[in-house]
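Whatever order the structure lists ligands and atoms in, that order sets their numbers, starting from 1. Because only heavy atoms are used, hydrogens play no part in the values below, and waters and symmetry mates are left out as well, while side chains stay in.
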Amino acid sequence: MTKDDKLEAGKVWLVGAGPGDPDLLTIKAARLIAHADALVFDHLVSEGIMDLARPDARRIYAGKEASNHTLPQQSINNLLVDLAREGLSVIRLKGGDPFIFGRGGEELETLAASGTPFEVVPGITAATGCAAYSGFPLTHRDHAQAVTFVTGHLKDGTVNLDWPALARPGQTVVFYMGLGAAGEIAHQMINHGLSSLTPAAVVCNGTSPTQRTLLATLGTLAERIAETRIKPPALIVVGSVVNLHAKLNWFEQK
Ligand code: SAH
């Protein structure tokens, strides 16, 4: 699309808003946001990004802080269909990438079932955004030959993950939504064979001016989180790549 194009009526764009810094939007996302009739957005979408919308655009907050869902998922799914049926061009804006722990798939299934046309625009996910702005690569020939993105969100108090696979050496493991489960995560990683001295980091508010990186080890992770009272949104990154932060940090003021 070009800058002056009008968006198609009755269509939904599922758009990744990136991890925080508005400059990390794709050009496509920025153009769509600037033209949409209605925007349905989550709490992780930064204000600077919403400022790009038309002054007369309808803005609907769909919420979603952990366990405090402002709109239940089914209502969000139905809302998107209803707005499109009103003949609006609708942007569904999600933090990071809509297909990484974003429930984007569920929303699209409802759109598809209702015959509503849609497109998907990828975004920079928190893991790659935080790694770049915190100064550690997620893979590195000397440290990690693989990277795994995994959810640390607890259902029924246990983290039901493939711990033997996650505790294998030579990789970087990034836990989304893991702050509340940091103690359990560290305990399981150590129990499944990693040294308690394995480097671990927490990056909170990644890519925003308030970004903060906390360095720890698996052994000290939970304690460090408790004493610094770091708050979500935050990622936990486990693996020796985080040691490179000391040398490669270019963004955070120390
Ligand atoms: N779709 C999003 C992830 C949504 S799940 C993406 O691709 O990034 C929400 C989790 O993402 C948070 O609990 C946190 O773990 C992580 N997250 C999102 N934005 C973040 C940020 N700016 N800094 C650190 N972690 C972030």
Side-chain angles (χ1 to χ4, degrees), residues 13-26 29 40-50 61-71 73 76 91-108 120-136 138 147-155 159 161 166 172-186 200-216 221-222 224-225 228-238 241-242 245 249 251-252:
W13 285 261
L14 176 64
V15 176
D21 180 351
D23 279 356
L24 292 178
L25 277 180
T26 61
V40 181
F41 62 103
D42 287 349
H43 83 287
L44 283 176
V45 174
S46 64
E47 246 172 58
I49 288 173
M50 292 306 294
Y61 177 63
K64 272 242 186 88
E65 282 162 76
S67 68
N68 175 21
H69 291 200
T70 308
L71 284 180
Q73 189 63 46
I76 299 174
I91 305 298
R92 173 63 173 123
L93 252 188
K94 298 237 169 211
D97 183 280
F99 277 1
I100 296 188
F101 305 124
R103 297 213 182 180
E106 295 169 41
E107 295 178 13
L108 293 188
V120 185
V121 181
I124 292 181
T125 191
T128 53
C130 289
Y133 278 51
S134 187
F136 53 80
L138 292 172
V147 56
T148 302
F149 297 165
V150 57
T151 172
H153 189 64
L154 298 179
K155 264 194 180 168
V159 196
L161 297 170
L166 295 175
T172 305
V173 185
V174 183
F175 291 90
Y176 285 67
M177 298 169 278
L179 205 55
E184 170 78 357
I185 287 169
V202 180
V203 185
C204 95
N205 289 329
T207 80
S208 84
T210 55
Q211 172 178 308
R212 178 154 178 219
T213 302
L214 189 74
L215 295 177
L221 184 67
R224 293 282 286 133
I225 289 172
T228 52
R229 297 189 196 165
I230 221 159
K231 297 250 160 30
L235 289 178
I236 296 173
V237 185
V238 179
V241 289
V242 301
H245 168 81
N249 168 36
F251 179 68
E252 272 171 62

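Closest approach of I225 to A182, counting heavy atoms only: CD1-CB, 3.4 Å.
The contact shell of ligand 1, taken as protein residues with any non-hydrogen atom closer than 4.0 angstrom, comprises P19, L44, G95, G96, D97, I100, F101, T125, A126, C130, Y176, M177, V203, N205, G206, P233, A234, L235.
The ring-ring contact (aromatic ring centres under 6.0 Å, His included) search around F175 returns none, not counting sequence neighbours. Qualifying side chain to side chain donor-acceptor pair (under 3.5 Å) partners for S208, counting only residues two or more places apart in sequence or in other chains: T210. Remark: Y176 engages F101, F149 in a ring-ring contact (aromatic ring centres under 6.0 Å, His included) (not counting sequence neighbours).
Here the side chains of P233 and N205 are in contact, with some heavy-atom distance below 4.5 Å. Looking at T172 and F136, their side chains never come closer than 4.5 Å, going by heavy atoms from C-beta outward.
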